[in-house]
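All chains are named by letter (A, B, ...) in the order of the sequence lines, taking the proteins before the strands, and each is independently numbered beginning at 1.
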Amino acid sequence: MSQPRPSAAEPTPRVVVPAGTTAGTAIREAGLPGKGADAVVVVRDAEGRLRDLSWTPDADAEVEPVAANTDDGRAVIRHSTAHVLAQAVQQQFPEAKLGIGPPVRDGFYYDFDVDRPFTPEDLQALEKRMKQIVKSAQRFSRRVFDSAEAAKQELAGEPFKLELVDVKGDSGVDTDEVMEVGGGELTIYDNLDPRSGERVWGDLCRGPHVPTTKHIPAFKLTRVAAAYWRGSEQNPQLQRIYGTAWESQEAQDAYLERLAEAERRDHRRLGVELDLFSFPDEIGSGLAVFHPKGGIIRRELENYSRRRHEEAGYEFVNTPHITKSGLFYTSGHLPYYAETMFPPLQFEGEDYYLKAMNCPMHHLIFRSRGRSYRELPLRLFEFGTVYRYEKSGVVHGLTRVRGLTMDDSHIYCTPEQAPAELRSLLRFVLDLLADYGLSDFYLELSTRGDTGKFIGEEHEWEEATETLRQAALDSGLELVPDPGGAAYYGPKISVQARDAIGRSWQMSTIQVDFNHPKRFELSYTAPDGSRQQPVVLHRALFGSIERFFGVLTEHYAGAFPAWLAPVQVVGIPIADEHVAHLEQVAKALRARGVRVEVDTSDDRMQKKIRNHTTQKVPFMLLAGAKDVEAGAVSFRFRDGGQINGVPVDRAVEVINGWIERRENSSPTAEGVRVEH
RNA sequence: GCCGCCUUAGCUCAGUCGGCCAGAGCGGCUCACUCGUAAUGAGCAGGUCAAGGGUUCGAUUCCCUUAGGCGGCUCCA
């Protein structure tokens, strides 16, 4: 989860730190704040390196003050808070060995090797100790080790830190995550008692830190989890404590409120509340069933996509859910992905696998007869259901499932057609996502890494990568590199969409593939009569429909646009005698294809409004004696707004128009214009 | 897959330090009420306390196994 955009960097005045004085003194003399949310916590030197306020340059140095309420400032606060946590842990559990403790997005963590896992009660006790430490205003004091040997001697009791000292030479360790070592020298930060100057605690660390623990305005421990040492399954698991820290209590409260909002939007919760889908234990983990209301949303999503694909020149195909193993050997998915495919069924002397990817089947359709260049680009599309054996610990709501339906298509084109095809493809994908209400995008370019998983020739990869990069740049969107993130058969662009509360989700992927055409011996006859190999472009727009469904549910917080809403209109009579009038209105709406119900239950009218509001029905139409007499209805919207006495014909027209235009915003009294 | 936590009525959750008929709200059903913009009232039904095994005179409660869920780690074509 991310916060809704880092605040724009304010123009920061530079400050000159005279030789021999501390940065802190210079900052104070420049009149910059030392307290509050915009307090300067560290400075950035001419090389861009963050320095402690106690840093004392040998020569006059121009520095940029870094305030608490900036991304860098928060990271420093969080990193310092991680130290406070570690100190508290070692006070409470003297046998605890230290792992690493970096800041992360919105917070920090620290890993510990302890005899038993932490309990929620431990967290409370630790938080209390941390508050005492913060209050005691210990100074963070930087000390440089004379040599690696000196460091190892002092850290003899900390096996994990020793390991970090040893691997310090490896450039790979000097990352944002491992903040213990780096920057050319080995340093330790001592925590000093402000009165006695006595060393209370210390930790191998490259820094920088806030001047004292008092400069941690707000923090909270959030959860415990296990994590592998240095991120490898081969290594022992340590106990990780996560926490968050902010430049002010208000900022922290706002963050916690964002978490609460995310929880309210959780599609798993809304799925139950709105009766959209469920995961029956009897079927198995990660296998969803869609209930009638979820089914309507899904059908609308799919139908609109079908229509757009048809308009864009796609042809629709269907393929089976199971296949002999040979096909996946030809494609190369086996043995690469054997671990994430369901184990095979054996019969008639063959291994049959549940389909984990649609592409091989589509290739067989292409190959089913001779192809001419005149047919290209040939665009095959399918809502293809695939099954993947996701490990038990990763299955998560609709976003990570074991059975999913991809809106998968494969485009077969000549190498010359590929660049233009990619450009229009990207445009198509972005336009379509926008039609569903997602409009804030950036792109990620996933390229080949140096592991052995990638097949094919270097020059082909380079060519394909360049083609993709060009298409991505042409889109004008921000492009983030993702080295090593490619599929084994080719590079990809993925479209990342930010939702209504600023979280980003990977949506569509577009891949260039020159390996499958080779492996499947795909060919077409060129104008000169020669046989040529096509390029295959793989793309999924939703990724998986299940996942897209989940993302949209959270994006709209369950209040789906009217065109997607399972129930678009509910008629609410003031009393039983007004039912007939509403039935007439419903009939007129139904004739236009609107999904409408009249609530004839025994509930009072107020209760009905409440029920349908919590069910997030976009249009409620009330009718009492006044409306019946006037041949009218009264609108009530999800936000509580209302428009009374609208003539029935006009009401039908307004609702139908709103749905047909596929308005993605929630209808309101202001947004719906009933006058002609 | 690994670590930790969790599983009590359709949903959300009390409760049982091992012992009498396991509770509430919402939801469902029945009846009364016919009401102008977010909860009318009364009554009724609903649980082998996730499943299996063990310890015990006695297990929903303690232990083990399995399944499912949650939070992370690893993974995600």
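We find the OG1-CD1 distance between Thr509(A) and Ile493(A) to be 10.5 Å, quoted to the nearest 0.5 Å. Atom CZ of residue Arg78(A) and atom OG1 of residue Thr244(A) lie 5.0 Å apart, to the nearest 0.5 angstrom. Atoms NE2 and OG, on His291(A) and Ser278(A) in that order, are 2.5 Å from each other to the nearest 0.5 Å. For the atom pair Glu462(A) CD and Thr465(A) OG1, the distance stands at 7.5 Å (nearest 0.5 Å).
The separation between Glu233(A) atom CD and G72(B) atom C1' is 14 Å, rounded to whole Å. Rounding to whole angstrom units, CG of residue Asp106(A) and P of G72(B) are separated by 12 Å. A straight line from OH of Tyr488(A) to C1' of C76(B) spans 15 Å, rounded to a whole angstrom. As rounded to whole Å, 15 Å separates atom P of A77(B) from atom CG of Asn358(A). Rounded to an integer number of Å, the gap from Asn235(A) CG to G72(B) P is 22 Å. What separates CZ of Arg539(A) from P of A77(B) is a distance of 17 Å, to the nearest Å.
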Legend entry - Secondary-structure notation, RNA chain B, from Watson-Crick and G-U pairs under 3.5 angstrom (| other strand): (((((((..((((.....[...)))).(((((.......))))).....(((((..]....))))))))))))....

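With sequence neighbours excluded, the residues satisfying salt bridge (charged side-chain N to carboxylate O under 4.0 Å, His left out) with Arg269(A) are Glu263(A), Glu273(A).
Take the nearest nucleotide of RNA chain B for Gly393(A) and for His333(A): the residue whose nucleotide is more 5' is Gly393(A). In this structure, Thr340(A) and Ala225(A) both approach RNA chain B, and ranking their closest nucleotides by distance from the 5' end singles out Ala225(A).
If you check distances only, the side chain of Arg400(A) does reach the base of C75(B) with a donor-acceptor pair under 3.5 Å. In this model, a side-chain donor or acceptor of Gln237(A) finds a partner on the base of C2(B) within 3.5 Å.
For the C1' atoms, the distance linking G47(B) with A14(B) amounts to 15 Å, nearest Å. A distance of about 15 Å separates the C1' atoms of G69(B) and A51(B), rounded to the whole Å. G10(B) and G46(B) have their C1' atoms separated by 9 Å, with the value rounded to a whole Å. Comparing the same atom, P, in U7(B) and in C31(B) gives a spacing of 39 Å after rounding to whole Å. Look at the P atom in both C17(B) and A22(B): the space between them is 15 Å, to the nearest Å. For the P atoms, the distance linking G71(B) with G15(B) amounts to 23 Å, nearest Å. Rounded to whole Å, the separation between the P atoms of C21(B) and A59(B) comes to 14 Å. Between G72(B) and C26(B), the two P atoms lie 33 Å apart (nearest whole Å).
Considering only side-chain N and O atoms, His396(A) lies under 4.0 angstrom from the phosphate OP1 or OP2 of G71(B). At the phosphate of C75(B), neither OP1 nor OP2 sits under 4.0 Å from any side-chain N or O atom of Tyr228(A). Phosphate contact (OP1/OP2 of G72(B), side-chain N/O of Arg240(A), threshold under 4.0 Å): absent.
A heavy-atom distance below 4.5 Å is not found between the side chains of Leu537(A) and Asp513(A).
Of the options His363(A), His538(A), His362(A), a ring-ring contact (aromatic ring centres under 6.0 Å, His included) to Tyr412(A) is made by His363(A) and by none of the others.
With salt bridges taken as basic N to acidic carboxylate O contacts below 4.0 Å, one links Arg264(A) and Glu261(A). A salt bridge does not link Glu339(A) to Lys391(A): none of the charged side-chain nitrogens sits closer than 4.0 Å to a carboxylate oxygen. Residues Asp122(A) and Arg116(A) are paired through a salt bridge, judged by an N-O separation under 4.0 Å between the basic side chain and the carboxylate.
In plain terms, the two heavy atoms of Phe328(A) and Leu354(A) that are nearest each other are CE1-O, 4.1 Å. The shortest non-hydrogen separation linking Ala486(A) to Trp461(A) is CB-CZ3, 3.6 Å.
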Name the pairs: protein N/O against N/O of nucleotides 67-69 of chain B, kept only if under 3.5 Å.
unit_1, atom_1, unit_2, atom_2, d
G68(B), O2', Asp281(A), OD1, 3.0
G69(B), OP1, Ser285(A), OG, 3.1
G69(B), OP2, Ser285(A), OG, 3.1

Tabulate atom names and distances for all N/O pairs under 3.5 angstrom spanning the protein and nucleotides 44-50 of chain B.
none

Pairs: protein N or O with nucleotides 32-40 of chain B N or O, under 3.5 Å:
unit_1, atom_1, unit_2, atom_2, d
U34(B), O2, Asp576(A), N, 3.3
U34(B), N3, Asp576(A), OD2, 3.0
U34(B), O4, Asp576(A), OD2, 3.3
G36(B), O6, Ala625(A), N, 2.9
G36(B), O6, Lys626(A), N, 2.6
G36(B), N1, Asp627(A), OD2, 2.9
G36(B), N2, Asp627(A), OD2, 2.9
G36(B), N2, Ser634(A), OG, 3.0
U37(B), O3', Arg636(A), NH1, 3.1
U37(B), O2', Arg636(A), NH1, 2.8
U37(B), O2', Gln642(A), NE2, 3.3
U37(B), N3, Gln642(A), OE1, 3.2
U37(B), O4, Asn644(A), OD1, 2.4
A38(B), OP2, Arg636(A), NH1, 3.1
A38(B), N7, Arg636(A), NH2, 3.1
A39(B), N7, Arg610(A), NE, 3.4
A39(B), N7, Arg610(A), NH1, 3.1
A39(B), N6, Arg610(A), NH2, 2.6
A39(B), N1, Arg610(A), NH2, 3.0
U40(B), OP2, Arg604(A), NH1, 2.9
U40(B), O4', Arg604(A), NH1, 3.0

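With 3.5 Å as the limit, one finds a donor-acceptor pair spanning the side chains of Glu382(A) and Thr319(A). Side-chain atoms of Asp499(A) and Trp505(A) include a donor-acceptor pair closer than 3.5 Å. A donor and an acceptor atom, one from each side chain of Ser666(A) and Arg638(A), are located under 3.5 Å apart.
Contacts of Tyr337(A) with the nucleic acid, taken as non-hydrogen atoms under 4.0 Å apart, include base atoms. Among the heavy atoms of the strands lying under 4.0 Å from Gln511(A) are primed sugar atoms or P, OP1, OP2 only; no base atom is included. At the heavy-atom level, Glu390(A) lies nowhere under 4.0 Å from the strands shown.
Residue ring and base: Tyr489(A) does not count as stacked with A77(B) (centre distance below 5.5 Å and interplanar angle below 30° not both satisfied).
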Anything under 3.5 Å between a donor and an acceptor, one on a side chain of residues 577-585 of chain A, the other on a protein residue two or more places apart or in another chain? List them.
unit_1, atom_1, unit_2, atom_2, d
His578(A), ND1, Ala575(A), N, 3.0
His578(A), ND1, Ala575(A), O, 3.4
His578(A), NE2, Ala625(A), N, 3.2
His581(A), NE2, Ala632(A), O, 2.8

